[in-house]
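Worksheet: one structure, shown below.
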Amino acid sequence: MKNNFVIDKDKTIFGIDIRKNTFDVMDSNLKHSQFENNQNGFVKFLKLLDFNSHCVMEATGYYHYQLAHYLLEHKIMVSVENPLSIKRFVQMKLSRIKTDKSDAKMICQYGQERDLQPWAGYSKNQMECFQMIRLLETYTKQSTAYKNKLQAEQTLGNPSKLVIKSLKRSLKNLEKESELIEKELLILVKTDYQEILTKIESIPSIGLKTAVMLADRSFFLCVLYKITNSFTFGFNKNI
C-alpha cells in the first residue's frame with residue numbers, strides 16, 4: 001500500500017490512545033472524544049477529520065491495526081509509533097497522571113513535538129510475522145503455567161505419576177510447536193530484512209535486543225524486539 005504523504009507541521013494532530021473496546025482522541029486544540037473501537041466508531045471519528053488531519057497512535061498489538069488501516073484507506077495521514085518512544089517522551093515530560101484522556105493528550109503532544117513518519121501499512125510478510133509472534137507469546141505463557149504446575153505437584157512429595165507425565169508431555173509439545181514457529185518466523189524476517197539484521201548483529205558491544213530498544217519507528221525492529229523476548233522460552237530439555 002503506497003501513500004505519498006508529506007509531513008506538514010501545520011496539520012492538526014490527533015493523539016489516539018487505543019484499547020480493545022474503545023479509543024480516546026485528543027487533538028491539538030485540546031478537544032477530547034471517545035469512540036468504540038469498531039466500524040461504527042471509525043465512521044464517527046472520520047467525521048472529525050479532513051485533509052489537514054494527522055493521526056498519531058502507538059503500535060498496541062492488534063488493537064490499533066484496523067483503525068490505522070481504515071484511516072489510511074480514507075486518505076488520512078497516520079503515524080504508528082513505537083510505544084517505547086512515547087514512553088520515553090512521557091518520562092521526559094515527568095507526567096505521572098495515567099488516564100485514557102491523559103494518554104491521548106501525551107500522544108498528541110508527542111506528535112506535535114517529534115518528527116513523524118507516515119505509516120504505509122503492513123506487508124503480507126509483516127502481518128504473518130506479527131501473528132507468529134503473538135502465538136509464541138501465548139505458548140510462552142502456557143509453558144510457564146505448566147512448569148509452575150509441575151513444580152507445585154512435585155513439592156507434594158508423592159505426586160501423581162499420571163499428572164506428572166501429562167504435564168511433561170504438554171511441555172514437550174509446546175516446545176516442539178514453538179521451535180517450528182520460530183524457524184518459520186526467522187525465515188520470513190530474513191527474507192525481507194537480512195541486510196538490516198546483519199548490520200545490527202555486526203555492531204560491537206551492542207546486542208540485538210539493545211539495538212531494537214533504541215530504535216523508534218521501524219516495524220522490523222519492533223518485530224525483532226518481540227522475537228528476542230519470545231524466543232527465550234526457557235524449556236527444560238531434561239524434562
Side-chain angles (χ1 to χ4, degrees), residues 1 18-21 37-38 58-69 80 82-84 87 119 121-202 206-215 217-239:
M1 183 182 298
I18 193 161
R19 295 164 305 287
K20 180 178 180 179
N21 297 317
N37 188 15
N38 55 34
E58 293 180 320
T60 53
Y62 289 114
Y63 301 147
H64 76 282
Y65 181 73
Q66 289 190 349
L67 175 59
H69 265 283
V80 178
N82 190 325
L84 292 173
K87 182 179 180 180
W119 186 70
Y122 298 144
S123 70
K124 181 180 178 180
N125 273 9
Q126 287 173 332
M127 281 307 301
E128 191 165 1
C129 285
F130 186 71
Q131 293 174 60
M132 288 181 180
I133 289 165
R134 284 299 192 182
L135 182 57
L136 286 173
E137 290 174 342
T138 298
Y139 286 164
T140 301
K141 293 177 182 178
Q142 291 177 345
S143 172
T144 300
Y146 283 140
K147 285 190 285 189
N148 289 341
K149 178 63 175 174
L150 181 61
Q151 183 178 10
E153 293 295 332
Q154 290 173 331
T155 58
L156 291 175
N158 188 26
S160 166
K161 292 182 179 179
L162 179 65
V163 170
I164 296 300
K165 287 182 179 179
S166 178
L167 287 170
K168 288 183 177 180
R169 280 198 307 269
S170 297
L171 279 167
K172 188 174 182 179
N173 289 335
L174 275 177
E175 178 185 2
K176 182 179 179 180
E177 290 299 317
S178 298
E179 288 176 349
L180 289 173
I181 297 298
E182 290 172 10
K183 182 178 179 180
E184 293 301 318
L185 179 56
L186 284 174
I187 290 173
L188 284 177
V189 171
K190 289 181 178 180
T191 297
D192 288 348
Y193 304 106
Q194 181 60 64
E195 183 178 355
I196 299 176
L197 180 60
T198 301
K199 288 180 179 179
I200 293 176
E201 291 178 322
S202 68
I206 296 182
L208 180 59
K209 185 174 179 178
T210 301
V212 172
M213 291 287 285
L214 295 174
R217 299 181 178 90
S218 171
F219 174 90
F220 162 69
L221 291 173
C222 291
V223 167
L224 284 184
Y225 172 63
K226 288 288 189 178
I227 291 174
T228 57
N229 283 279
S230 298
F231 279 18
T232 311
F233 283 91
F235 287 108
N236 187 345
K237 299 290 185 180
N238 297 319
I239 288 177

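If you read the sequence from its start, that first residue is 1, and numbering goes on from there.
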d(Lys141 NZ, Leu174 CG) to nearest 0.5 Å is 14.0 Å
Just how far is it from atom CD of Glu177 to atom OG1 of Thr138, taken to the nearest 0.5 Å?
13.0 Å
Under a 4.0 Å N-O cut-off, is there an ion pair linking Glu175 with Lys172?
no
Using side-chain heavy atoms (C-beta onward) and a distance below 4.5 Å, is Leu135 in contact with Gln131?
no
Tell me which pairs pass side-chain hydrogen bond (donor to acceptor under 3.5 Å, both in side chains) where either residue lies in residues 155-166, with sequence neighbours left out.
none
Roughly how far, to the nearest 0.5 Å, is the CD1 atom of Ile164 from the CD atom of Gln154?
4.5 Å
Between the OH atom in Tyr146 and the OG atom in Ser170, the distance rounded to the nearest 0.5 Å is 4.0 Å
Distance from Lys168 atom NZ to Lys147 atom NZ, nearest 0.5 Å?
14.0 Å
Return the set of residues passing salt bridge (Lys or Arg N to Asp or Glu O under 4.0 Å) with Glu153 (not counting sequence neighbours), or none when no residue passes.
Lys149
Taking all heavy atoms of Leu136 and all of Ser178, pick out the closest pair and write down the distance.
CD2-O, 3.8 Å
Partners passing side-chain contact (heavy atoms from CB on, under 4.5 Å) against Asn173 (at least two apart in sequence or in another chain)
none
Please name the pair of heavy atoms, one in Pro83 and one in Ala59, separated by the smallest distance, quoted to 0.1 Å.
CG-O, 3.3 Å
dist Leu150:CG -> Leu171:CG (nearest 0.5 Å) comes out at 6.5 Å
So, for Tyr63 and Asn37, which heavy atoms are closest and what is the spacing to 0.1 Å?
O-ND2, 3.3 Å
